[in-house]
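Predicted model only: the values in this text are computed from it and were never measured.
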There are 2 protein chains.
Amino acid sequence: MTVSERGPRERMVFSAAQLIRRDGVSSAGMRDVAVHAQAPRGSLQHYFPGGKEQLVNEAVGWAGRYAGDRVARFVAALPEPKPSALFAEMVRQWTDEYRTTGFEGGCPVAAATVDCAESTESTREAASAAFTTWSGSVAQALAELGVPEERTEALATLMIGTLEGAILIARADRDVRALTTVSRELGPLLDAAVDSAG
Amino acid sequence: MTVSERGPRERMVFSAAQLIRRDGVSSAGMRDVAVHAQAPRGSLQHYFPGGKEQLVNEAVGWAGRYAGDRVARFVAALPEPKPSALFAEMVRQWTDEYRTTGFEGGCPVAAATVDCAESTESTREAASAAFTTWSGSVAQALAELGVPEERTEALATLMIGTLEGAILIARADRDVRALTTVSRELGPLLDAAVDSAG
DNA sequence: CTACTACTATGACGGCCGTCATGACCGGTG
DNA sequence: CACCGGTCATGACGGCCGTCATAGTAGTAG
């Protein structure tokens, strides 16, 4: 949330992600990004000669890395090392934000996919890579929690997909119920995948 | 897909949904809608005096009703009356489209949520209503399949959320794998909810 | 000092957008 | 016939957008 950290370039990438996840890619103007990042407008063309496309792609990549790092930190700090606890923590990040800050924004990767998957190939690839990064982090966490290797990828996809969908519904409803519901319903299935021999 | 059916007004609503689910709300121009619907541009202001906002909201509502009707028809024609079969059928609608027509479009309700949830209150409400309609239809179907009443709503939310997220990932990856994965992984959990006394 | 690079500033351009104003068409009714 | 309401057609307006051109300002190396 703090804007003043780091250089202006990183601030602009961060601000782009913020604006994209709020109103979608097309509604996030370059001028808005500069203002939000408290960066000079002229710096946009200097740091991002590839234009808006480059800025959006970097914002999506940043979001993917952020989500992956977050998962890695979650799994290291779980009170109970169970897959359901990891998923609950991933969901809680969103319920916390929605309860305290309001339902302003969704997932920037989802927004980029919706707005650019068909029109801008490079952005679709960036979104795919972001999902892959995120999913890889979740799969590794599941492995550390005792899920057999051959199931970690599938369950990671299930967790991320379910989370993304619940975010959508929660934002439409302005109600975190969808998030808490999927966390509660999916938990037992995830824990059931833990190798009992572990 | 056929454009010539029905009156120009319905065609425009249908075309709006098509364009929205392809490129997002902001990228779907009013002129594009008229062209896609093979309708005169002048008719837009006649049938939709509320402007683009009204058109988008009606498109979202149409999508919600369409999805709900679809579920009702699915459940009546299931070879095996199990919740997992219903979910598999809901997923198959998307894998079929992606395999035959390509990954052009996602869910219009998701697109409207991403692009308008924060900026246009009425559209957010329309999206929420669409999810509610859809979810209600799924919940009723689950009840008919033997799921206890107190769990139908939660499982319907889980199914729709998971499907929406998987659509996102599949479109980003240009690969139906996410869809087939969630169908396979979620199936057992859904069937386990069937009242064994039924 | 000069020269050069990195960064900042600002105005303009062309394009697309949603909306509106205006008027034509056309079937039916009086 | 005149009239009129539903429908279609078209051009214009103002606004925002991404991009570009141009010029300015450090700060630093030679």
What is the distance, rounded to the nearest whole Å, between atom [atom1] of [X] and atom [atom2] of [N]?
{"X": "B:Phe48", "N": "D:dC8", "atom1": "CZ", "atom2": "C1'", "result": "15 Å"}
{"X": "A:Leu55", "N": "D:dT19", "atom1": "CG", "atom2": "C1'", "result": "14 Å"}
{"X": "A:Lys52", "N": "D:dC16", "atom1": "NZ", "atom2": "P", "result": "15 Å"}
{"X": "B:Met30", "N": "C:dG18", "atom1": "CE", "atom2": "C1'", "result": "7 Å"}
{"X": "A:Arg31", "N": "C:dA9", "atom1": "CZ", "atom2": "C1'", "result": "13 Å"}
{"X": "A:His46", "N": "D:dT22", "atom1": "NE2", "atom2": "P", "result": "18 Å"}
{"X": "B:Leu44", "N": "D:dC8", "atom1": "CG", "atom2": "C1'", "result": "11 Å"}

Considering only distance and modelled atom types, tabulate donor-acceptor pairs under 3.5 Å from the side chains of residues 155-178 of chain B, sequence neighbours left out.
| unit_1 | atom_1 | unit_2 | atom_2 | d |
| --- | --- | --- | --- | --- |
| B:Thr157 | OG1 | B:Glu153 | O | 3.2 |
| B:Thr162 | OG1 | A:Thr162 | OG1 | 2.9 |
| B:Thr162 | OG1 | B:Leu158 | O | 2.7 |
| B:Arg171 | NH1 | B:Glu104 | O | 2.7 |
| B:Arg171 | NH2 | A:Val114 | O | 3.3 |
| B:Asp173 | OD1 | A:Ser128 | OG | 2.5 |
| B:Arg174 | NH2 | A:Glu118 | OE1 | 3.3 |
| B:Asp175 | OD1 | B:Arg177 | N | 2.8 |
| B:Asp175 | OD2 | B:Arg177 | NH2 | 3.1 |

Quiz item: With sugar-phosphate meaning primed atoms plus P, OP1 and OP2, does A:Ala39 contact a base, only sugar-phosphate, or nothing at under 4.0 Å between heavy atoms?
Solution: nothing
Quiz item: Base, sugar-phosphate alone, or nothing: which one does B:Ala34 contact when heavy atoms must sit under 4.0 Å apart?
Solution: nothing
Consider the side chain of [X], meaning its heavy atoms from C-beta on, and name the nucleotide among [options] that approaches it most closely.
{"X": "B:Ser43", "options": "D:dA9, C:dT10, D:dC8", "result": "D:dC8"}
{"X": "A:Gln45", "options": "C:dA9, D:dG18, C:dT19", "result": "C:dA9"}
{"X": "A:Tyr47", "options": "D:dA21, C:dC7, D:dG11", "result": "C:dC7"}

Quiz item: A:Lys52 side chain to A:Gly29 main-chain N or O, any donor-acceptor pair under 3.5 Å?
Solution: no
Quiz item: Counting N and O atoms only, with roles assigned by atom type, does the side chain of B:Thr152 sit under 3.5 Å from a partner on the main chain of B:Glu149, one being a donor and the other an acceptor?
Solution: yes
Quiz item: Would you call A:Arg9-A:Glu58 a salt bridge at under 4.0 Å N-O?
Solution: yes
Exercise. Using the closest heavy atom to pick a nucleotide of DNA chain C for each, name whichever of B:Arg41 or A:Gly42 lands nearer the 5' end.
Key: A:Gly42
